[in-house]
Amino acid sequence: MNRPYNFSAGPAALPQPVLERAAAEMLDWHGSGMSVMEMSHRGKEFGAIIAQAEADLRELLAVPPQFRILFMQGGGIAENAIVPLNLSRGARADYLVTGAWSQKSLKEARRYCEAQLVASNETDGHTRIPAPAEWKLGADASYLHLCTNETIHGVEFQELPDLEALGSNAPLVIDCSSNILSRPIDWSRVGLAYGGAQKNIGPAGLTLVFVREDLLGRALPICPSAFDYKTVADNGSMYNTPPTYAIYIAGLVFQWLKDQGGIAAIERRNVEKAELLYDFIDGSGWYANKVEPSCRSRMNVPFFLPDDRLNEDFLAGAKARGLLQLKGHKSVGGMRASIYNAMPTEGVRALVDYMREFATRHG
Ligand SMILES: *Cc1c(COP(=O)(O)O)cnc(C)c1O
């Protein structure tokens, strides 16, 4: 079957071998006579599925033993509340704003704690990362929150900040919903990481949380039990029924990633894909990406045509070529190509070929 290339920002394309395997196992998982959707989350079959998924994830991202991995629900947006409910003690928490997602995190956190803006790139139209020297870090902040990849604005940290070197001992909290598993994570600089699954991991409905053990047990009394990291950790992510099918698919994606050669290999491919697209855009003299080159996202590439009146034509022609979901986010406009792990290099080449042809036709 020849599927089109899907550039959706999320829920996003999954690797075809994963979908094929899920289809083959749909009615009868490994001779159990059941679909994974029909199994008890406490049975031995699902127990094996979640244990394997966690072990593979830990191996892929080299997660140190002092971090617990939680399989939760609610997505990145729920974490905007769950993080301050668990970590802030109602006191000061620092927020860095680099785009729409971190802005949303700050706004929600203000309902639960004294959330402070330490720096923002809003006046630059969310096109660069403020230099760490400009951040106004609070001496007593319970954590610093940032978004490692702004899915809408296409701004990505190439390296996590070293807060200790900046004179802060606050744990770093990262929203890595849209670049998790695309590159390694430097755990020595992280206290907590979270990400919704539907960009780079699997189906919507699953949220991954990696939390350093010393940060457990600080939740505010009003924190819902099902969202108290300690309760979730103590119950092996089974305090409530976890999103079992989404965990199963995520597990298949982890196995697929290992088959690809792991994170180092997938990162090399992601670099290659991103360079292909940005080099073409910059060299075209026709298309434009406005993000400062040093913090351009490898995952989400917003770009503009010289005249918005060509947008509909561009999208229709793309669709006819089997290049889907390229329309930019409504707050930014233009186009956006999301090129997550599951997007093969050939998909990016097909996009560049089409863009070149379109520019020649209209240029
Ligand atoms: C998509 C996204 C979210 C929100 O995810 P939901 O599952 O809709 O809650 C949060 N942060 C980032 C960086 C995202 O890309």
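Counting starts at 1 for both ligands and their atoms, following the listed order.
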Under 4.0 Å from any heavy atom of [X], which atoms of ligand 1 are there?
X	answer
C147	13 (C)
T151	12 (C), 13 (C), 14 (C), 15 (O)
N149	13 (C)
G75	7 (O), 9 (O)
D175	10 (C), 11 (N), 12 (C), 13 (C)
Q198	5 (O), 6 (P), 7 (O), 8 (O)

Could you tell me the residue and atom name of the protein heavy atom closest to [atom], and the distance to it rounded to 0.1 Å?
atom	value
atom 9 (O) of ligand 1	I77 N, 2.8 Å
atom 10 (C) of ligand 1	W101 CE3, 3.4 Å
atom 5 (O) of ligand 1	G76 N, 3.6 Å
atom 1 (C) of ligand 1	K199 NZ, 1.5 Å

Checklist entry - Does ligand 1 have any atom that is closer than 4.0 Å to a heavy atom of G196? => result no

[Y] versus [X], side-chain donor and acceptor atoms under 3.5 Å:
X	Y	value
D282	N289	no
S338	N300	yes
H30	E25	yes

Next on the checklist: To the nearest 0.5 Å, what is the distance between CG on L181 and SG on C176?
Outcome noted: 8.5 Å

Item to check | Passing option when R309 is tested against N311, D307, D313 for side chain to side chain donor-acceptor pair (under 3.5 Å) | outcome: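 The residue from N311, D307, D313 that satisfies side chain to side chain donor-acceptor pair (under 3.5 Å) with R309 turns out to be D307.
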
Item to check | Passing candidate, side-chain contact (heavy atoms from CB on, under 4.5 Å) with L172, options D94, L192, L163, D186 | outcome: L163

Item to check | Location of contacts on T207 toward ligand 1, heavy atoms closer than 4.0 Å | outcome: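 Neither part.
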
Next on the checklist: Taking the cut-offs as 6.0 angstrom to the six-membered ring centre and 45 degrees off its axis, would you call K199 and Y340 a cation-pi pair?
Outcome noted: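 Judged by the rule (NZ or CZ under 6.0 Å from the ring centre, within 45° of its axis), K199 is not positioned above Y340.
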
Item to check | K258 to D56 - nearest heavy-atom pair and separation | outcome: NZ-OD1, 2.8 Å

